[in-house]
Colleague: 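Provided herewith is a single structure, encoded as structure tokens, for subsequent inquiry.
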Amino acid sequence: MPSKPEIQDYFTKRAPVYDHSAAWVKDGYLKSWLLENIKVNPATRVLDVATGTGALSAIFYRRAGLVVGLDFTPAMCRTARTKMDYLIYGDGEILPFASDSFDLIVIRQGLQFMNLLKTTNEIYRICNSVGQVVIVQLTAYSPVDSPEAFEIQRFRNPVRQNFFLEEDLNALLKKNGWRNIRTFPYYSYESVNEWITKAAIPADRQEQIRRLYENSSPDFRRIHEIKFVDGDIIDKMKMTIAVGDKK
């Protein structure tokens with residue numbers, strides 16, 4: 001299992017190009033979906049766990065009463081301060097807040113690098129009794145494509161600890177005690193060349209990822225709608241939005 005310094009070092013290397021490393025990072029669909037389905041008002045207190053460059057915080061900033069971002073990689077946060085009210089350097093597994101501090105906790109692409117039990121217990125603790133959690137996470141489509149999808153994800157993120165199907169997020173929230181759990185899939189067409197060259201991985205691992213795609217099964221290619229175009233590979237990746245209410 002990767003250490004905290006290894007994870008921090010990985011994201012320090014990715015920070016300069018993170019916002020341009022994948023289409024989903026600044027996905028307009030996600031912003032529209034969140035604004036339509038996750039209601040905030042001038043009294044809402046929002047915490048963005050693993051905020052990174054602040055893209056998710058920016059969606060709620062100045063719409064909610066308070067938006068706080070938390071991340072433990074300073075280099076990832078250099079452009080985040082203008083997208084939220086407060087930025088805190090901290091660990092998502094040990095959140096430095098009192099119980100019942102926030103109305104809405106959001107976390108995108110953070111759980112894959114964290115201890116699931118510690119992080120989700122902490123998120124539940126700091127959410128107030130009528131609050132809500134929103135998880136946005138890259139997932140495989142099903143058990144059919146997951147072995148190959150997870151192998152590609154493992155090569156792309158060597159510090160990754162957790163891999164998910166949509167139903168895993170549902171079960172995770174249920175285990176923590178969240179209620180009225182619902183999940184929503186959305187899809188992002190990603191350039192593999194862009195995805196791997198801006199992911200702080202060496203050239204030999206990039207080639208291994210390309211070979212995994214080139215040697216992928218017919219089922220994987222069909223499910224992910226894989227296309228080989230002008231030396232690039234296009235992968236229709238699945239993201240899952242998981243929402244739970246505390247009450």
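All values below come from the heavy atoms of this structure, side chains included, with hydrogens, waters and symmetry mates left out. All values derive from a computational prediction rather than experimental measurement.
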Colleague: Can a cation-pi geometry be assigned to K238 and Y186, taking NZ or CZ under 6.0 Å from the six-membered ring centre and within 45° of the ring axis?
Modeller: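 No; the conditions do not both hold, so K238 does not lie above the ring face of Y186.
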Colleague: Minimum heavy-atom separation for E151 to L212, with atom names?
Modeller: CG-CD1, 4.0 Å
Colleague: Does the pair Q137 and Q109 meet the rule for a side-chain hydrogen bond (donor to acceptor under 3.5 Å, both in side chains), with working shown?
Modeller: CA-CA 5 Å; Q137 182 61 57; Q109 289 290 84; 2.8 Å; yes
Colleague: Using the salt bridge (Lys or Arg N to Asp or Glu O under 4.0 Å) rule, take R62 and D85 through it: C-alpha gap first, then chi angles, then the decisive distance, then the call.
Modeller: CA-CA 9 Å; R62 302 197 187 285; D85 295 292; 5.7 Å; no
Colleague: So which of D48, T44, L66, V67 actually passes side-chain contact (heavy atoms from CB on, under 4.5 Å) with F60?
Modeller: V67
Colleague: Hey, is the main chain of S217 close enough, under 3.5 Å, to the side chain of R221 for a donor-acceptor pair?
Modeller: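 Absent.
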Colleague: Closest heavy-atom contact between A242 and L169?
Modeller: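 Heavy-atom minimum between the residues: CB-CB, 4.0 Å.
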Colleague: Verify side-chain hydrogen bond (donor to acceptor under 3.5 Å, both in side chains) between R182 and N170, making sure each step is shown before the conclusion.
Modeller: CA-CA 7 Å; R182 52 269 192 213; N170 189 303; over 6 Å; no
Colleague: Which heavy-atom pair separates V46 from A64 by the least distance, and what is that distance?
Modeller: CG2-CB, 3.7 Å
Colleague: Mind checking the CG-OH spacing from D145 to Y141? Nearest 0.5 Å is all I need.
Modeller: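 Output value for this atom pair is 7.5 Å.
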Colleague: Taking the six-membered ring for Trp, are the ring centroids of F102 and F97 within less than 6.0 Å of each other?
Modeller: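 When the ring centroids of F102 and F97 are compared, they turn out to be within the sub-6.0 Å range.
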Colleague: Dump the intermediate steps for ring pair (Phe, Tyr, Trp, His ring centres under 6.0 Å) on F11 and F113, then the final yes or no.
Modeller: CA-CA 11 Å; F11 279 103; F113 305 106; 4.9 Å; yes
Colleague: What salt bridge (Lys or Arg N to Asp or Glu O under 4.0 Å) pairs are there with at least one residue in residues 112-132, not counting sequence neighbours?
Modeller: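 Pairs touching residues 112-132 that pass the test: E122-R125.
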Colleague: Taking it one step at a time, do R160 and Q153 satisfy side-chain hydrogen bond (donor to acceptor under 3.5 Å, both in side chains)?
Modeller: CA-CA 8 Å; R160 184 170 182 151; Q153 292 172 22; 3.0 Å; yes
Colleague: Is a donor from one side chain sitting under 3.5 angstrom from an acceptor on the other, for D71 and T51?
Modeller: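 Absent: no donor and acceptor within the cut-off.
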Colleague: I201 and I196: which non-hydrogen atoms are nearest, and at how many Å?
Modeller: CG1-O, 3.5 Å
Colleague: Is F164 reachable from W24 through a run of I, L, V, M, F, W or Y residues, each pair having side-chain heavy atoms under 4.5 Å apart?
Modeller: no
Colleague: Kindly work out whether a path of hydrophobic side-chain contacts (I/L/V/M/F/W/Y, heavy atoms less than 4.5 Å apart) joins W195 to L30.
Modeller: yes
Colleague: Do E214 and R211 sit within salt-bridge range, that is, some charged N less than 4.0 Å from a carboxylate O?
Modeller: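 R211 and E214: not salt-bridged.
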Colleague: Check this for me, if you would: do D103 and R45 make a salt bridge, where the nitrogen-to-carboxylate-oxygen distance has to be below 4.0 angstrom?
Modeller: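 Salt bridge present between D103 and R45.
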Colleague: Provide the closest heavy-atom pair for R108 versus A55 in the form atom of the first, atom of the second, distance.
Modeller: NH2-CB, 3.6 Å
Colleague: Taking the side chain as every heavy atom from C-beta outward, state whether T240 and V136 have any pair of such atoms under 4.5 Å apart.
Modeller: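 In short, these two side chains do not touch, never coming nearer than 4.5 Å.
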Colleague: Distance to the ring centre below 6.0 angstrom and angle to the axis at most 45 degrees; does that hold for K236 and Y187?
Modeller: yes
Colleague: Return yes if some donor-acceptor pair links the side-chain N/O of N162 with the main-chain N/O of N115 below 3.5 Å, else return no.
Modeller: no
Colleague: Taking it one step at a time, do K4 and E93 satisfy salt bridge (Lys or Arg N to Asp or Glu O under 4.0 Å)?
Modeller: CA-CA 11 Å; K4 297 283 187 182; E93 297 176 4; 3.0 Å; yes
Colleague: Between Y213 and D235, do the side chains contain an N or O donor and an N or O acceptor separated by less than 3.5 Å?
Modeller: yes
